[in-house]
Amino acid sequence: MYKPLFQQREVIVFHQFQRKGYSLFACLGREVLISVLSVATLSSTKAASISDEVWRTDSAETTKTVWLSDVGVTGSRAPLAQSQAARMVTVLSREEIAQAPVQSVNDLLKYAVGIDVRQRGTFGSQTDVSVRGGTQEQITILLNGINICDPQTGHNVLDLPVQLSEIVRIEVLEGPAGRTYCTSSLVGAINIVTRPDRKQGADVALETGSYGYGKASMRANIKQGHWNNQLSGSYSRSDGYSRAASGKLNTDYSGSKAFYQGEYDDEQVRLSWHLGLADKGWGSSTFYASPKWQADDQYEHTTKLFTAIQAETKKGIIHFQPSIYWNQHRDRYEGYRNQPERMKYNYNRCDVYGVNLNSYFDWIAGRTAFGAELRNEDLVSGNLGETLFQTHHISGTNRDYTLAINRTNISAHLEHNIILKRLTVSAGFVAVKSSWSSMNMSIYPGIDASYWILGDKHKSTKMKVFASYNSSLRLPSFTEMYYKLQGYAADPHLKPEEMQAVEIGAQFVSKTVEAKTSLYHHHGKNMIDWIMDTSQGENSIWKSVNHTKINSYGLETNLRLNLQQLMSRQNVLKSFGLSYSYINQDKDLEPNIVSQYALEYLKHKLVASLQLNIWHRLSAGLHWRWQDRVGTYTDFKGEVKSYRPYSLLDAKLTWNADNYKIYAEANNVLNYKDYVDYGNVPQPGTWIVVGARIHFKY
């Protein structure tokens, strides 16, 4: 559930945009502004508390605005102030993340009412995340503004090298926005933002819990002058919550993470860089099983490398923000664990190289941004792609990569922003061309507008209306094009998906109440999905296809109450949040057709939260969600079943001291077990975790 987030301060003007930190979607390398929204199911926090940057003003102006450099986001290419932003972006702050009863980004996003989190395994071992009725392939995931999407598959895109405690904020944009985030942002984008601490120090944390869960992590930071460097690492493991028919563990998990990030910052330029590694293996139970292939002891192992260098100039007429990156993704899939003689393991290695540049300048007509991106996606595989003329050896095995696929995506963008006292209009387009299938150059436009109808950016009580039209595309993943094993038949000639969307809404904010409501319509064509014709009986297989059209109609509404302001004589009740999402998809579906993704969506989702200050340093949070999914699945008996609605309650208790904290978390407190996010993939009951974190200063 999201909550509107506003600064309750008198605003003064600022003309020198500092743009510190890693900006939203710095795929163009830029910092964006403070969001107007946040997550209501998590506790409230002032954005100012996140940043320790100094506010800078232009003394030459009588009217002055404040720029909070490290905490802002907008849904545009050019940085705009919070009060000027035409499109709504949601932010999960550091404090909110710390207070949630979760151990992964995947779990955290469950509390966002507009996001569908379909869990296969726990602790983020494998989870598919989508927005507004889309699929996990249709959103862009970014780490510090760098696109880390894997063109092979979206199943493992959230294998991140960072720990939750390192994340400064998570920025979420719902709806297509090709002009801002290039390809793959068909229905939205999520940016995970980290940065080195501004002060030297180190943290050590230990956790333990149900089903043999354990985790150890550390972080250390050194800051000297203009330089800042931080290193972190962690290891976690679990026995899992279920066993295969043979009696062996089949949802066990173990994984390691390492992440180095640094920055150089002076008055002329800011440089930042990161290097990350995420390595994990997990029992995949019946994750990819079907009525025809009822394997219950699958296994998967992935290793991911993340690198990037970003820069931004601070002075001059034109501001330049270049970046260059390389991400590598390796995976090994075992249809039968430790039995390669029964089914050959699937090996894949995907390398993604990219370079991009965003630039902007101010002139009498407003603010204009322009830039371009070049992205090369290369896969070598044992089961995906076209035959290689020369094979490549698979390290650590006696096999070779025999197949491959490569494509290069080029994009260029132009955007202009008109900013008046009450009105902001942001319009532009992105032009995209891919070498895949000789795709022609295509243009995807968008326009956003907002207007203050009550108060203005200087008032504590105010109301804004907003509207937008945006379009985008998404190229098929390599798996959708070439996967042809064990009951799956892919189509290498799939067309790109395309989406157009309109949205209108309003938001209100005061010292005690924050609320937002929006209505939207998405029109998609050539939508890609895996479907099965159950009328074919034993010959039924999953096929990747382009659906002709899908129309989605949706409503989202969010309410947050500041209980401390409403009932000032009490100190126990802190805040209450309530959010609701409704989606209806209009499409033609033939009898006996079962969908794996695009025809399954959350029709209803209701999320509530309550934050409490129990006593002194002791706080608590309750998070409840109810969801009702449209769609069916075929069980292992061959019977077609509909997804059943379910609700879950999570809780967290925290003792916060100056240099340490102790906490206990419980997921699925009421021990509800009769629910699934994917058919034939059972979920655990109550899961308890206790932990402690100690901070050292030096």
Side-chain angles (χ1 to χ4, degrees), residues 2-15 17 24 32-38 47 63-68 72-91 114 171-177 179-180 360 362-369 415-429 445-471 500-511 513-522 554-560:
Y2 301 165
K3 71 171 186 220
L5 179 63
F6 293 89
Q7 293 294 7
Q8 307 300 330
R9 298 176 182 267
E10 181 179 354
V11 180
I12 50 180
V13 176
F14 184 67
H15 286 265
F17 292 88
L24 174 63
V32 280
L33 291 191
I34 196 163
S35 161
V36 291
L37 298 177
S38 189
T63 309
K64 307 197 177 247
T65 8
V66 174
W67 173 278
L68 298 181
V73 294
T74 66
S76 62
R77 292 282 190 177
L80 302 177
Q82 168 201 351
S83 57
Q84 299 168 337
R87 191 165 186 184
M88 303 299 99
V89 177
T90 299
V91 171
E171 306 164 349
V172 181
L173 177 64
E174 298 180 55
R179 81 177 200 269
T180 309
Y360 76 90
D362 296 319
W363 55 302
I364 191 171
R367 171 163 290 179
T368 300
E415 180 186 88
H416 184 66
N417 298 271
I418 300 173
I419 306 167
L420 305 177
K421 182 177 181 180
R422 291 178 176 266
L423 174 69
T424 299
V425 178
S426 177
F429 66 87
I447 181 170
D448 310 310
S450 66
Y451 183 77
W452 294 101
I453 62 173
L454 174 64
D456 57 34
K457 59 188 178 183
H458 303 285
K459 305 297 183 180
S460 60
T461 299
K462 49 194 173 183
M463 183 174 181
K464 175 191 284 189
V465 293
F466 56 89
S468 67
Y469 164 82
N470 285 287
S471 58
Q500 297 176 325
V502 294
E503 181 175 4
I504 59 172
Q507 62 180 31
F508 173 84
V509 62
S510 69
K511 293 182 178 179
V513 179
E514 299 171 356
K516 172 180 172 286
T517 297
S518 63
L519 296 168
Y520 61 87
H521 171 223
H522 290 183
L555 162 71
E556 286 185 16
T557 183
N558 309 274
L559 173 68
R560 180 182 173 275

**OP:** Measure across Ala427 and Ile447 and return the closest heavy-atom pair with its distance rounded to 0.1 Å.
**Re:** CB-CG1, 3.9 Å
Subject >> side chain to side chain contact (heavy atoms under 4.5 Å, CB included) assessment of Thr180 paired with Arg87 >> reply: CA-CA 11 Å; Thr180 309; Arg87 191 165 186 184; 5.6 Å; no
Subject >> Heavy-atom pair of closest approach, residues Gly114 and Glu174 >> reply: CA-OE1, 3.6 Å
**OP:** Taking all non-hydrogen atoms of both residues into account, name the closest pair between Ser468 and Asp448 and its distance.
**Re:** CB-OD1, 3.0 Å
Subject >> Residue pair Phe466 / Glu503, side-chain heavy-atom distance below 4.5 Å >> reply: yes
**OP:** Tell me, with the steps shown, if Leu423 and Ile418 meet side chain to side chain contact (heavy atoms under 4.5 Å, CB included).
**Re:** CA-CA 8 Å; Leu423 174 69; Ile418 300 173; over 6 Å; no
Original post:
Taking the side chain as C-beta and beyond, is there a heavy-atom pair between Thr517 and Leu555 under 4.5 Å?
Top reply: yes
Original post:
After noting the C-alpha distance and the side-chain angles of Asn417 and Glu415, does the key distance pass the side chain to side chain donor-acceptor pair (under 3.5 Å) rule?
Top reply: CA-CA 7 Å; Asn417 298 271; Glu415 180 186 88; 3.2 Å; yes
Subject >> Residue pair Ser426 / Arg179: nearest heavy atoms and the distance that separates them >> reply: OG-NH2, 3.2 Å
Original post:
At what distance, to the nearest 0.5 angstrom, does OG1 of Thr90 lie from NZ of Lys516?
Top reply: 6.5 Å
Original post:
Once you round to the nearest 0.5 Å, how far does CH2 of Trp452 lie from CG of Leu420?
Top reply: 14.5 Å
Original post:
Looking at NE2 of His521 and OH of Tyr469, how far apart are the two atoms once the value is rounded to the nearest 0.5 Å?
Top reply: 11.5 Å
Original post:
Considering all heavy atoms of both residues, which atom of Lys464 and which atom of Ser450 are nearest to each other, and what is their separation?
Top reply: CD-CB, 3.7 Å
Original post:
Between Asn470 and Gly446, which heavy-atom pair has the shortest distance, and what is it?
Top reply: OD1-CA, 3.5 Å
Original post:
Between CE of Met463 and CD of Gln507, what distance do you get to the nearest 0.5 Å?
Top reply: 9.0 Å
Original post:
Out of curiosity, Glu556 CD to Leu519 CG, how far, rounded to the nearest 0.5 Å?
Top reply: 10.0 Å
Original post:
Got a second to check how far Phe508's CZ is from Leu559's CG, nearest 0.5 Å?
Top reply: 11.0 Å
